[in-house]
There are 2 protein chains.
Amino acid sequence: MAKKQQEKSRQTMQELMDSAFFLFGSKGFVQTSVAEITEHAGYAKGSFYRHWNSKDELFLLIVEQKFRHYRAERNGRVDRATSLEEVMNIIWDFLESILDDENWSSIFLEFTVYSARNDVLRQRMNKSGYRLSNAIFADLVRDHIVTDYPPEKIGALNTALFEGFLIHRALGTRLLSVKDVRDSAIAMALGLGTRQG
Amino acid sequence: MAKKQQEKSRQTMQELMDSAFFLFGSKGFVQTSVAEITEHAGYAKGSFYRHWNSKDELFLLIVEQKFRHYRAERNGRVDRATSLEEVMNIIWDFLESILDDENWSSIFLEFTVYSARNDVLRQRMNKSGYRLSNAIFADLVRDHIVTDYPPEKIGALNTALFEGFLIHRALGTRLLSVKDVRDSAIAMALGLGTRQG
DNA sequence: ACGAAAAATGACCGTAGGTCATTTTCTGAC
DNA sequence: GTCAGAAAATGACCTACGGTCATTTTTCGT
């Protein structure tokens with residue numbers, strides 16, 4: 001069998017990934033160098049590129065993994081919701097689980113804005129599991145919207161408020177609490193998606 | 001007189017600044033190198049550092065200048081406003097003048113998030129004329145708020161929505177129009193600051 | 001024990017921000 | 001007009017980083 005070699009390679013890859021996860025999480029994307037990642041895991045810099053083509057690529061994998069993890073906690077609950085307010089609360093429980101990861105949420109922000117400056121990367125970023133998805137949001141809330149305001153737009157506005165809050169926090173302004181933003185976002189969604197008495 | 005030398009120095013500085021302004025505006029902050037700035041103006045790289053201590057420093061000066069320019073158009077109008085809605089509309093006319101500068105608004109975003117990763121820079125960024133100020137916002141709207149919701153928080157939420165929209169646009173998502181965001185932001189402020197019938 | 005294949009290495013490249021000793025230009029005094 | 005000191009301008013150099021790749025080391029079936 002040549003399995004042992006493959007196993008070793010897989011293990012090295014995992015060690016590098018763990019190292020990257022740790023370093024990205026403590027110092028951010030730009031501040032963490034490839035050499036640091038490999039050194040911290042006990043390898044030489046060149047080894048990195050046997051496993052990924054770029055620092056961007058590894059970071060995207062980690063983001064994808066993180067998002068999968070956050071989402072796992074959300075699934076199922078939405079189906080049982082009976083009102084827009086309930087759905088929004090479930091969505092914000094999910095968003096709060098991201099915000100609880102204080103370091104990582106600011107690193108998502110760093111990478112998101114970084115990716116916007118690179119055509120190829122931006123397109124990847126927009127596509128799949130790397131960001132809050134307006135399409136998914138729309139699916140979650142659609143059934144509970146009684147106005148003709150497009151659900152995707154409500155999702156995009158919700159995301160804007162969420163990501164704007166990430167900037168607010170990243171700059172160290174402590175004026176707004178998570179609850180302030182959550183309440184405002186939910187009120188905004190209800191204002192757009194339901195008819196107010 | 002030694003005035004001619006000073007004059008020449010001032011002129012060189014202005015040429016470098018113009019060059020930087022042009023290049024930052026077309027390629028962004030990180031993508032524009034100091035060597036490019038000086039070369040485009042017809043000087044050698046070393047000359048840059050006779051005038052500023054770092055690329056950051058020159059960029060901050062340019063941002064300050066831009067904001068002064070935007071603000072100049074706003075002053076005066078607010079005094080004559082008689083309702084929160086009027087004030088919010090004036091504020092959003094101002095914000096739209098920033099958004100009209102499509103390249104620059106995304107470059108502000110780039111630099112804002114970049115600065116968040118650097119303690120010293122972040123503190124400068126928070127202080128003066130480099131960002132939308134929650135304190136100024138609060139002063140503008142305070143007289144028209146009849147609830148006990150803190151005006152600063154309304155300002156911070158408004159800024160969050162505004163900056164979240166910058167991210168939305170920077171990523172090329174064209175789901176939201178400026179008007180969508182403006183309307184939502186104003187509705188949000190009215191919801192928090194006035195008593196609804 | 002050996003040879004091929006896989007894994008790991010680190011010197012090297014280009015680019016970038018920033019430094020500084022040296023050169024060039026300017027200016028006022030004579 | 002000349003010359004010395006000062007200011008302006010220069011570009012080689014430093015360090016750091018992402019990325020490449022020829023070479024070395026390790027692994028493993030025969």
Side-chain angles (χ1 to χ4, degrees), chain A residues 1-20 23-24 26-62 107 110-111 114-115 117-121 124, chain B residues 1-20 23-24 26-62 107 110-111 114-115 117-121 124:
Chain A
M1 299 203 197
K3 279 290 149 61
K4 276 198 188 151
Q5 260 183 355
Q6 278 177 40
E7 175 55 26
K8 175 77 180 88
S9 178
R10 203 202 54 75
Q11 192 191 316
T12 301
M13 187 165 138
Q14 192 57 53
E15 285 168 22
L16 289 173
M17 206 148 176
D18 292 347
S19 170
L23 289 166
F24 283 146
S26 40
K27 312 186 14 172
F29 175 75
V30 173
Q31 296 288 325
T32 299
S33 74
V34 172
E36 278 176 304
I37 292 170
T38 53
E39 193 189 345
H40 182 260
Y43 294 92
K45 182 172 158 187
S47 288
F48 185 95
Y49 295 92
R50 282 190 57 73
H51 302 280
W52 306 281
N53 290 319
S54 66
K55 196 169 84 157
D56 294 357
E57 193 173 305
L58 173 56
F59 192 85
L60 280 174
L61 282 174
I62 290 177
I107 291 156
E110 180 194 7
F111 191 78
Y114 162 83
S115 77
R117 289 266 138 213
N118 174 317
D119 286 344
V120 180
L121 194 53
R124 286 193 66 179
Chain B
M1 299 206 199
K3 278 289 149 57
K4 275 198 192 152
Q5 261 183 356
Q6 279 177 40
E7 175 56 26
K8 175 78 181 88
S9 178
R10 201 202 57 75
Q11 191 190 315
T12 300
M13 187 167 140
Q14 191 56 52
E15 285 168 21
L16 289 173
M17 206 150 178
D18 292 346
S19 170
L23 289 165
F24 283 146
S26 38
K27 313 186 11 169
F29 175 74
V30 173
Q31 295 289 325
T32 299
S33 74
V34 172
E36 278 176 303
I37 293 170
T38 54
E39 194 189 344
H40 182 261
Y43 294 92
K45 182 172 159 186
S47 289
F48 185 96
Y49 295 91
R50 279 190 59 73
H51 301 281
W52 306 281
N53 290 319
S54 66
K55 196 168 87 157
D56 294 358
E57 192 173 308
L58 172 55
F59 192 86
L60 280 174
L61 282 174
I62 290 177
I107 291 156
E110 180 193 5
F111 190 78
Y114 162 83
S115 78
R117 291 264 136 215
N118 174 316
D119 286 345
V120 180
L121 193 54
R124 286 193 65 182

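Just so it is clear: chains get the letters A, B, ... in the order the sequence lines come, proteins before strands, and each one is counted from 1.
Among the nucleotides C:dT9, D:dT20, D:dA9, the one closest to the side chain of A:Tyr49 is D:dT20. The side chain of A:Ala44 lies closest to C:dG10, out of C:dG10, C:dG17, D:dG18. When the nucleotides C:dA7, C:dT9, D:dG18 are ranked by their closest atom to the side chain of A:Tyr43, C:dT9 comes out on top.
Pairing each heavy atom of B:Leu16 with each of B:Ser47, the nearest pair is CD1-O, 4.3 Å. Of all heavy-atom pairs spanning A:Glu110 and A:Phe29, the tightest one is OE1-N, 2.9 Å. Contact between B:Arg117 and A:Gly28 at its shortest, heavy atoms only, is NH1-CA, 3.9 Å.
In this structure, the CD atom of B:Glu36 is 16 Å from the C1' atom of C:dG18, given to the nearest Å. One atom, CZ of B:Phe59, and another, C1' of C:dG17, lie 16 Å apart when rounded to the nearest Å. Taking atom CZ of B:Arg50 as the reference point, atom P of D:dA7 lies 9 Å away to the nearest angstrom. In this structure, B:Phe48 places its CZ atom 14 Å from P of C:dA16, rounding to the nearest Å. The distance between atom CE of A:Met13 and atom P of C:dA8, rounded to the nearest whole Å, is 12 Å. Rounded to whole angstrom, the span from the CD1 atom of A:Ile37 across to the C1' atom of D:dG19 amounts to 13 Å. What separates NZ of A:Lys45 from P of C:dA7 is a distance of 21 Å, to the nearest Å. The separation between A:Arg117 atom CZ and C:dA16 atom C1' is 18 Å, rounded to whole Å.
Judged by closest nucleotide on DNA chain C, A:Ser47 is the one of A:Ser47 and B:Asp56 placed further toward the 5' end. Both B:Gly46 and A:Ser33 lie near DNA chain D, and the one whose nearest nucleotide falls closer to the 5' end is B:Gly46.
Taken from CD in B:Glu57 to NE2 in B:His51, the straight-line distance is 12.0 Å, to the nearest 0.5 Å. Distance CG/B:Asn53 to CG/B:Leu58: 11.5 Å, rounded to 0.5 Å.
Residue A:Thr32 is classed as a sugar-phosphate contact, given heavy-atom separations below 4.0 Å to backbone atoms only.
Side-chain N/O atoms of B:Lys55 and base N/O atoms of C:dG18 include no donor-acceptor pair closer than 3.5 Å.
Residue B:Thr12 places no side-chain N or O under 4.0 Å from the OP1 or OP2 atom of D:dA8.
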